[in-house]
Asker: 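Encoded as structure tokens, here's the structure I'll be asking about.
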Amino acid sequence: MRADEQVTVTGGCHCGAVRFEADVAPQVRLLACNCSMCAKTGFLHLIVPHRDFRLLQGQGELSSYRFGTGAAEHLFCRICGVRSFYQPRSHPQAWSVDFRCLDDDHGLSADVEAFDGRNWEAARASLTDDE
């Protein structure tokens, strides 16, 4: 497989009401954020451009939550409460998918990088547009 090739992965919430698929590289970079939300939920951010993400089912089961600046839209399954993906303020052109919500057979290799969400402005400045 070439480095620029993508694979399709699937995932969703705990109860299965929300399902999605995404096209990603076989080797991915994850962000482990320490902000007030991610530190409590253990979310591992896999950034997926909007064009490479497809919600397969569950649009009507998603509930939205915003806090702080309100720029990020946190989407939760209203049945089981899991946030399998959301719209981050750091990447307005992409979804942030929780790597832990991918189906077990995804086959991806991942590198995890710390992201200092508690100091969001400074940390965001360290990201490139393709992350």
Side-chain angles (χ1 to χ4, degrees):
M1 183 175 288
R2 293 186 349 231
D4 63 344
E5 288 187 39
Q6 292 190 320
V7 296
T8 301
V9 295
T10 57
C13 67
H14 182 260
C15 72
V18 175
R19 297 288 300 158
F20 61 82
E21 67 181 12
D23 300 323
V24 299
Q27 174 71 39
V28 296
R29 179 171 161 246
L30 307 176
L31 298 175
C33 180
N34 67 354
C35 77
S36 62
M37 177 71 82
C38 297
K40 293 184 182 303
T41 63
F43 200 100
L44 281 176
H45 300 264
L46 171 58
I47 304 301
V48 178
H50 288 153
R51 69 179 177 278
D52 295 334
F53 178 91
R54 293 166 299 282
L55 182 60
L56 301 175
Q57 69 184 46
Q59 177 68 41
E61 304 305 338
L62 292 172
S63 184
S64 176
Y65 173 68
R66 293 177 189 258
F67 67 97
T69 66
E73 182 177 18
H74 299 271
L75 300 168
F76 298 85
C77 173
R78 69 176 184 84
I79 299 168
C80 67
V82 169
R83 175 179 62 143
S84 54
F85 70 98
Y86 79 103
Q87 179 60 67
R89 77 175 171 150
S90 60
H91 297 82
Q93 77 292 354
W95 294 107
S96 181
V97 172
D98 189 346
F99 184 75
R100 291 184 168 115
C101 288
L102 295 181
D103 293 340
D104 290 339
D105 62 352
H106 59 71
L108 301 178
S109 296
D111 294 317
V112 179
E113 180 179 311
F115 180 78
D116 188 9
R118 291 182 185 179
N119 298 294
W120 193 90
E121 296 297 335
R124 173 60 184 115
S126 72
L127 296 176
T128 61
D129 287 337
D130 63 338
E131 300 177 292

Asker: Any side-chain heavy atom of L55 within less than 4.5 Å of one from R19?
Answerer: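 They are not in side-chain contact.
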
Asker: Does the side chain of D98 reach to within under 4.5 Å of the side chain of L44, using non-hydrogen atoms?
Answerer: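 Yes, side chains in contact.
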
Asker: Check whether any side-chain heavy atom of C77 lies under 4.5 Å from a side-chain heavy atom of C15, and answer yes or no.
Answerer: yes

Asker: One pair to check against salt bridge (Lys or Arg N to Asp or Glu O under 4.0 Å): D23 and R51. What are the steps and the verdict?
Answerer: CA-CA 9 Å; D23 300 323; R51 69 179 177 278; over 6 Å; no

Asker: So how far is it from H106 NE2 to T8 OG1, rounded to the nearest 0.5 Å?
Answerer: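 Rounded to the nearest 0.5 Å, the NE2-OG1 separation comes to 14.0 Å.
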
Asker: What's the shortest heavy-atom distance between F20 and G12, and which atoms?
Answerer: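 Shortest heavy-atom separation between F20 and G12 comes out as CE2-N, 3.4 Å.
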
Asker: Please report the closest heavy-atom contact between V18 and G58, naming both atoms and the distance.
Answerer: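 Of all heavy-atom pairs spanning V18 and G58, the closest is CG2-O, 4.0 Å.
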
Asker: With ring-ring contact (aromatic ring centres under 6.0 Å, His included) as the test, would you mind laying out the steps for F99 and H45 before giving the verdict?
Answerer: CA-CA 6 Å; F99 184 75; H45 300 264; over 10 Å; no

Asker: Measure the shortest side-chain to side-chain distance between V82 and C101 over non-hydrogen atoms and say whether it is less than 4.5 angstrom.
Answerer: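 The answer is yes; the side chains approach within 4.5 Å.
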
Asker: Do you know the tightest heavy-atom contact between L62 and F85?
Answerer: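 Taking every non-hydrogen atom into account, CD1-CZ, 3.8 Å.
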
Asker: Applying a strict under-4.5 Å side-chain criterion to I, L, V, M, F, W and Y, I'd like to know whether Y86 and L56 cluster together.
Answerer: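 As far as the 4.5 Å side-chain criterion goes, L56 and Y86 are not connected within one cluster.
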
Asker: Identify each donor-acceptor pair in which a side-chain atom of residues 32-42 lies under 3.5 Å from a protein atom, sequence neighbours left out, and give them as a table.
Answerer:
residue: N34; atom: OD1; partner: G117; partner atom: N; Å: 2.7
residue: N34; atom: OD1; partner: R118; partner atom: N; Å: 3.0
residue: N34; atom: ND2; partner: D116; partner atom: OD1; Å: 3.1
residue: T41; atom: OG1; partner: M37; partner atom: O; Å: 3.2
residue: T41; atom: OG1; partner: R83; partner atom: NH2; Å: 3.3

Asker: What are the two closest heavy atoms between A94 and Q87, and how far apart are they?
Answerer: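 The answer is O-NE2, 2.9 Å.
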
Asker: Enter the distance from S64:OG to F76:CZ here, rounded to the nearest 0.5 Å.
Answerer: 9.0 Å

Asker: Evaluate the side-chain proximity of E21 to D52: yes if any heavy-atom separation is below 4.5 Å, no if none is.
Answerer: no

Asker: Counting only heavy atoms from other residues, nucleotides and ligands, does the tally under 6.0 Å from NE2 of H14 exceed 12?
Answerer: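 Result for NE2/H14: open.
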
Asker: Are Q6 and V24 close enough that some pair of their side-chain heavy atoms sits under 4.5 Å apart?
Answerer: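 When only atoms from C-beta onward are counted, V24 and Q6 do not touch, as no gap falls below 4.5 Å.
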
Asker: Hey, what do you get for CG (L46) to CG (L108), rounding to the nearest 0.5 Å?
Answerer: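 Reported value, rounded in 0.5 Å steps: 7.5 Å.
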
Asker: Knowing that exactly one of F67, F43, W95 qualifies, which makes a ring-ring contact (aromatic ring centres under 6.0 Å, His included) with H74?
Answerer: F67

Asker: Looking at CD1 of I47 and OG of S90, how far apart are the two atoms once the value is rounded to the nearest 0.5 Å?
Answerer: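 One finds 5.5 Å between CD1 of I47 and OG of S90.
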
Asker: Is there a path from Y65 to V97 through hydrophobic residues (I, L, V, M, F, W, Y) whose side chains come within less than 4.5 Å of each other?
Answerer: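 Different clusters: Y65 never reaches V97 through Ile, Leu, Val, Met, Phe, Trp or Tyr contacts under 4.5 Å.
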
Asker: If you look at every heavy atom in A17 and E61, which pair is closest and at what distance?
Answerer: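 It is CB-CG, 4.0 Å.
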
